[in-house]
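Read the structure below first, then the notes.
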Number of protein chains: 2
Amino acid sequence: MKCHSYTDFFSNLANESNIKIIESLKTGPKNVTKISNETEIEQSATSHRLKKLVNCNVLNVERKGKERIYSLNKETITPILKLVDEHVHKKCKTCWIKEKEN
Amino acid sequence: MKCHSYTDFFSNLANESNIKIIESLKTGPKNVTKISNETEIEQSATSHRLKKLVNCNVLNVERKGKERIYSLNKETITPILKLVDEHVHKKCKTCWIKEKEN
DNA sequence: ATTTCATATGAATTTGGAATCATATGTTAT
DNA sequence: ATAACATATGATTCCAAATTCATATGAAAT
(Lines give C-alpha, C1' and ligand atoms only; values in the text may rest on other atoms or scores of the structure.)
Protein backbone atom coordinates (compact mmCIF):
# COMPACT_ATOMS: atom_id res chain seq x y z
CA MET A 1 0.00 0.00 0.00
CA LYS A 2 2.85 2.36 0.79
CA CYS A 3 5.25 3.52 -1.86
CA HIS A 4 8.33 1.35 -1.64
CA SER A 5 10.37 1.54 -4.77
CA TYR A 6 11.84 3.74 -7.41
CA THR A 7 9.37 2.27 -9.88
CA ASP A 8 6.41 2.75 -7.56
CA PHE A 9 7.20 6.42 -7.49
CA PHE A 10 7.66 6.83 -11.21
CA SER A 11 4.49 4.94 -11.99
CA ASN A 12 2.68 7.96 -10.58
CA LEU A 13 4.24 10.12 -13.24
CA ALA A 14 3.59 7.53 -15.91
CA ASN A 15 -0.14 7.97 -15.58
CA GLU A 16 -2.13 10.53 -17.52
CA SER A 17 -4.74 11.02 -14.82
CA ASN A 18 -2.14 11.57 -12.15
CA ILE A 19 -0.36 14.14 -14.25
CA LYS A 20 -3.63 15.96 -14.81
CA ILE A 21 -4.24 16.03 -11.08
CA ILE A 22 -0.73 17.26 -10.37
CA GLU A 23 -1.09 19.96 -13.01
CA SER A 24 -4.42 20.97 -11.52
CA LEU A 25 -2.89 21.32 -8.07
CA LYS A 26 -0.07 23.51 -9.33
CA THR A 27 -2.48 26.44 -9.06
CA GLY A 28 -3.18 25.68 -5.42
CA PRO A 29 -4.81 23.27 -2.98
CA LYS A 30 -8.26 22.00 -3.92
CA ASN A 31 -10.95 19.64 -2.74
CA VAL A 32 -11.88 16.45 -4.55
CA THR A 33 -14.90 17.83 -6.34
CA LYS A 34 -12.94 20.71 -7.78
CA ILE A 35 -10.09 18.45 -8.85
CA SER A 36 -12.58 16.08 -10.40
CA ASN A 37 -14.25 18.88 -12.33
CA GLU A 38 -11.06 20.51 -13.54
CA THR A 39 -9.48 17.27 -14.67
CA GLU A 40 -12.71 15.71 -15.91
CA ILE A 41 -11.85 12.53 -14.08
CA GLU A 42 -14.93 11.19 -12.37
CA GLN A 43 -15.25 11.46 -8.62
CA SER A 44 -14.59 7.85 -7.72
CA ALA A 45 -11.63 7.52 -10.03
CA THR A 46 -10.27 10.79 -8.70
CA SER A 47 -10.42 9.51 -5.14
CA HIS A 48 -8.61 6.34 -6.10
CA ARG A 49 -5.86 8.28 -7.85
CA LEU A 50 -5.56 10.73 -4.97
CA LYS A 51 -5.10 7.90 -2.54
CA LYS A 52 -2.18 6.54 -4.50
CA LEU A 53 -0.60 9.94 -4.84
CA VAL A 54 -0.84 10.49 -1.10
CA ASN A 55 0.61 7.05 -0.41
CA CYS A 56 3.66 8.00 -2.43
CA ASN A 57 3.97 11.34 -0.66
CA VAL A 58 3.33 13.21 -3.83
CA LEU A 59 0.33 14.92 -2.28
CA ASN A 60 -0.81 16.03 1.16
CA VAL A 61 -4.36 15.95 2.50
CA GLU A 62 -6.08 17.82 5.25
CA ARG A 63 -9.67 17.75 6.35
CA LYS A 64 -11.77 20.88 6.31
CA GLY A 65 -15.31 20.20 7.37
CA LYS A 66 -16.74 17.66 5.05
CA GLU A 67 -14.19 18.37 2.40
CA ARG A 68 -10.67 17.08 1.99
CA ILE A 69 -8.15 19.51 0.66
CA TYR A 70 -5.36 18.08 -1.41
CA SER A 71 -2.12 19.88 -2.17
CA LEU A 72 1.23 19.22 -3.78
CA ASN A 73 3.91 18.03 -1.41
CA LYS A 74 6.47 20.76 -2.05
CA GLU A 75 9.19 18.78 -0.33
CA THR A 76 9.01 15.92 -2.76
CA ILE A 77 7.29 16.18 -6.09
CA THR A 78 7.73 19.88 -6.80
CA PRO A 79 11.54 19.84 -6.92
CA ILE A 80 11.61 16.74 -9.04
CA LEU A 81 9.13 18.13 -11.53
CA LYS A 82 11.09 21.35 -11.65
CA LEU A 83 14.34 19.53 -12.31
CA VAL A 84 12.82 17.39 -14.99
CA ASP A 85 11.15 20.37 -16.65
CA GLU A 86 14.41 22.30 -16.67
CA HIS A 87 16.16 19.36 -18.18
CA VAL A 88 13.53 19.06 -20.87
CA HIS A 89 13.96 22.68 -21.83
CA LYS A 90 17.73 22.84 -21.71
CA LYS A 91 18.85 19.49 -22.97
CA CYS A 92 16.15 18.18 -25.28
CA LYS A 93 15.85 20.44 -28.27
CA THR A 94 14.70 17.71 -30.61
CA CYS A 95 12.56 16.70 -27.80
CA TRP A 96 11.26 13.24 -27.11
CA ILE A 97 9.21 14.65 -24.25
CA LYS A 98 6.38 16.57 -25.81
CA GLU A 99 5.47 19.78 -24.07
CA LYS A 100 2.15 19.52 -22.38
CA GLU A 101 -0.50 20.77 -24.74
CA ASN A 102 -2.70 23.58 -23.43
CA MET B 1 5.98 3.54 -31.63
CA LYS B 2 8.08 6.59 -30.85
CA CYS B 3 8.06 8.22 -27.45
CA HIS B 4 5.75 11.18 -27.53
CA SER B 5 4.61 12.19 -24.10
CA TYR B 6 5.66 12.94 -20.59
CA THR B 7 3.93 9.79 -19.37
CA ASP B 8 5.46 7.63 -22.10
CA PHE B 9 8.86 8.66 -20.88
CA PHE B 10 8.19 8.05 -17.23
CA SER B 11 6.67 4.67 -17.93
CA ASN B 12 10.18 3.58 -18.79
CA LEU B 13 11.27 4.38 -15.27
CA ALA B 14 8.15 2.81 -13.80
CA ASN B 15 9.19 -0.61 -14.96
CA GLU B 16 11.34 -2.94 -12.93
CA SER B 17 12.94 -4.62 -15.94
CA ASN B 18 13.84 -1.31 -17.51
CA ILE B 19 15.43 -0.08 -14.32
CA LYS B 20 17.47 -3.25 -14.10
CA ILE B 21 18.67 -2.73 -17.64
CA ILE B 22 19.52 0.90 -16.99
CA GLU B 23 21.40 -0.04 -13.83
CA SER B 24 23.26 -2.70 -15.73
CA LEU B 25 24.34 -0.22 -18.37
CA LYS B 26 25.64 2.25 -15.82
CA THR B 27 28.84 0.21 -15.76
CA GLY B 28 29.28 0.54 -19.50
CA PRO B 29 27.93 -0.47 -22.91
CA LYS B 30 26.97 -4.10 -23.33
CA ASN B 31 25.49 -6.48 -25.85
CA VAL B 32 22.10 -8.10 -25.44
CA THR B 33 23.36 -11.42 -24.11
CA LYS B 34 25.35 -9.77 -21.39
CA ILE B 35 22.48 -7.50 -20.39
CA SER B 36 20.17 -10.49 -20.36
CA ASN B 37 22.53 -12.45 -18.13
CA GLU B 38 23.24 -9.65 -15.70
CA THR B 39 19.60 -8.68 -15.29
CA GLU B 40 18.25 -12.23 -15.47
CA ILE B 41 15.64 -11.09 -17.94
CA GLU B 42 15.34 -13.61 -20.71
CA GLN B 43 16.72 -12.81 -24.12
CA SER B 44 13.48 -12.20 -25.93
CA ALA B 45 12.03 -10.04 -23.19
CA THR B 46 15.29 -8.15 -23.02
CA SER B 47 15.14 -7.34 -26.72
CA HIS B 48 11.58 -6.10 -26.37
CA ARG B 49 12.49 -3.84 -23.45
CA LEU B 50 15.59 -2.56 -25.25
CA LYS B 51 13.53 -1.61 -28.25
CA LYS B 52 11.26 0.54 -26.13
CA LEU B 53 14.13 2.18 -24.34
CA VAL B 54 15.75 3.06 -27.64
CA ASN B 55 12.48 4.43 -28.98
CA CYS B 56 12.36 6.82 -26.04
CA ASN B 57 15.98 7.84 -26.54
CA VAL B 58 16.95 6.43 -23.19
CA LEU B 59 19.45 4.12 -24.86
CA ASN B 60 21.65 4.09 -27.94
CA VAL B 61 22.49 1.10 -30.09
CA GLU B 62 25.30 0.38 -32.45
CA ARG B 63 26.10 -2.76 -34.41
CA LYS B 64 29.35 -4.57 -33.94
CA GLY B 65 29.53 -7.66 -36.05
CA LYS B 66 26.70 -9.89 -35.09
CA GLU B 67 26.24 -8.15 -31.77
CA ARG B 68 24.36 -5.02 -30.90
CA ILE B 69 25.91 -2.83 -28.28
CA TYR B 70 23.52 -0.85 -26.11
CA SER B 71 24.55 2.13 -24.02
CA LEU B 72 22.95 4.84 -21.91
CA ASN B 73 22.12 8.00 -23.79
CA LYS B 74 24.15 10.46 -21.76
CA GLU B 75 22.35 13.41 -23.27
CA THR B 76 18.99 12.33 -21.95
CA ILE B 77 18.59 9.76 -19.25
CA THR B 78 21.85 10.23 -17.37
CA PRO B 79 21.24 13.84 -16.32
CA ILE B 80 17.70 13.08 -15.23
CA LEU B 81 18.75 10.09 -13.18
CA LYS B 82 21.49 12.17 -11.63
CA LEU B 83 19.09 14.94 -10.70
CA VAL B 84 16.58 12.55 -9.24
CA ASP B 85 19.24 10.71 -7.29
CA GLU B 86 20.56 13.97 -5.86
CA HIS B 87 17.09 14.96 -4.88
CA VAL B 88 16.52 11.64 -3.19
CA HIS B 89 19.63 12.03 -1.12
CA LYS B 90 19.21 15.67 -0.19
CA LYS B 91 15.52 16.11 0.28
CA CYS B 92 14.07 12.77 1.30
CA LYS B 93 15.42 11.78 4.66
CA THR B 94 12.39 9.73 5.65
CA CYS B 95 12.55 8.46 2.20
CA TRP B 96 9.64 7.05 0.29
CA ILE B 97 12.03 6.16 -2.50
CA LYS B 98 13.90 3.17 -1.26
CA GLU B 99 17.56 3.10 -2.14
CA LYS B 100 18.30 0.41 -4.61
CA GLU B 101 19.19 -2.75 -2.79
CA ASN B 102 22.53 -4.32 -3.72
C1' DA C 1 26.48 -24.27 -48.08
C1' DT C 2 25.74 -25.37 -43.52
C1' DT C 3 26.14 -24.61 -38.82
C1' DT C 4 26.41 -21.76 -34.95
C1' DC C 5 25.91 -17.72 -32.46
C1' DA C 6 23.46 -13.18 -31.52
C1' DT C 7 19.46 -10.79 -31.79
C1' DA C 8 14.85 -9.49 -33.34
C1' DT C 9 10.03 -10.19 -34.21
C1' DG C 10 5.15 -11.45 -34.06
C1' DA C 11 1.50 -13.79 -31.97
C1' DA C 12 -0.57 -15.64 -28.00
C1' DT C 13 -1.14 -15.35 -23.26
C1' DT C 14 -0.91 -13.48 -18.85
C1' DT C 15 -1.43 -9.97 -15.58
C1' DG C 16 -1.43 -5.83 -12.99
C1' DG C 17 -3.37 -1.67 -12.70
C1' DA C 18 -7.09 1.67 -13.99
C1' DA C 19 -11.88 2.85 -14.82
C1' DT C 20 -16.38 1.81 -13.54
C1' DC C 21 -20.21 0.80 -10.66
C1' DA C 22 -22.66 0.44 -6.57
C1' DT C 23 -22.59 1.54 -2.07
C1' DA C 24 -20.73 2.98 2.39
C1' DT C 25 -18.98 6.50 5.53
C1' DG C 26 -18.80 10.89 7.39
C1' DT C 27 -20.18 15.75 7.91
C1' DT C 28 -23.16 19.65 8.06
C1' DA C 29 -27.67 21.68 7.83
C1' DT C 30 -32.54 21.56 8.72
C1' DA D 1 -33.67 12.24 12.96
C1' DT D 2 -33.48 13.09 8.27
C1' DA D 3 -31.74 15.00 4.18
C1' DA D 4 -28.18 16.69 1.30
C1' DC D 5 -23.58 17.02 0.24
C1' DA D 6 -18.53 15.36 -0.01
C1' DT D 7 -15.62 11.72 -0.25
C1' DA D 8 -14.01 6.94 0.23
C1' DT D 9 -14.17 2.06 -0.55
C1' DG D 10 -14.59 -2.59 -2.42
C1' DA D 11 -15.74 -5.47 -6.14
C1' DT D 12 -16.02 -6.08 -10.89
C1' DT D 13 -14.85 -5.19 -15.41
C1' DC D 14 -11.72 -3.83 -18.69
C1' DC D 15 -7.53 -2.95 -21.03
C1' DA D 16 -2.85 -2.11 -22.21
C1' DA D 17 1.43 -3.52 -21.50
C1' DA D 18 4.73 -7.21 -20.27
C1' DT D 19 6.10 -12.18 -20.62
C1' DT D 20 6.39 -16.00 -22.94
C1' DC D 21 6.85 -18.92 -26.83
C1' DA D 22 8.06 -20.12 -31.29
C1' DT D 23 10.36 -18.69 -35.04
C1' DA D 24 12.75 -15.55 -38.23
C1' DT D 25 16.75 -12.79 -39.57
C1' DG D 26 21.45 -11.90 -40.00
C1' DA D 27 26.28 -12.33 -39.46
C1' DA D 28 30.52 -14.99 -38.76
C1' DA D 29 32.88 -19.43 -38.87
C1' DT D 30 33.79 -23.94 -40.79
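For the numbers below, each heavy atom of this structure counts, side chains included, while hydrogens, waters and symmetry mates do not. Proteins get letters first, then strands, A, B, ... in listed order; numbering begins at 1 in each.
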Taking 4.0 Å as the cut-off, does a side-chain nitrogen or oxygen of B:R68 come that near to OP1 or OP2 on C:dA6? no
How is A:S11 classified with respect to the nucleic acid when contacts are heavy atoms under 4.0 Å: base, sugar-phosphate, or nothing? nothing
Touch class at under 4.0 angstrom, heavy-atom based, for A:K34 against every strand present: nothing
Ignoring hydrogens and angles, answer whether the base of C:dG17 and the side-chain atoms of A:H48 contain a donor-acceptor pair closer than 3.5 Å. no
Across the strands shown, which category fits A:K64 at heavy-atom distances under 4.0 angstrom: base, sugar-phosphate, nothing? nothing
Has the side chain of A:S44 got a donor or acceptor atom sitting under 3.5 Å from an opposite partner on the base of D:dT9? yes
Looking only at C:dC5, D:dT7, C:dT7, the nucleotide nearest the B:N31 side chain is C:dT7
Report the distance from atom CG of B:N15 to atom P of C:dG16, rounded to the nearest whole Å. 13 Å
Using the rule side-chain contact (heavy atoms from CB on, under 4.5 Å), only one of B:I69, B:I41, B:L50 pairs with B:I35; which is it? B:L50
What nucleotide, of D:dT20, C:dA19, C:dT9, holds the atom closest to the side chain of B:S47? C:dT9
Side chains of B:T33 and B:K30 only: does a donor on one sit below 3.5 Å from an acceptor on the other? no
Kindly indicate whether the side chain of B:Q43 and the base of C:dA6 share any N or O donor-acceptor pair separated by less than 3.5 Å? no
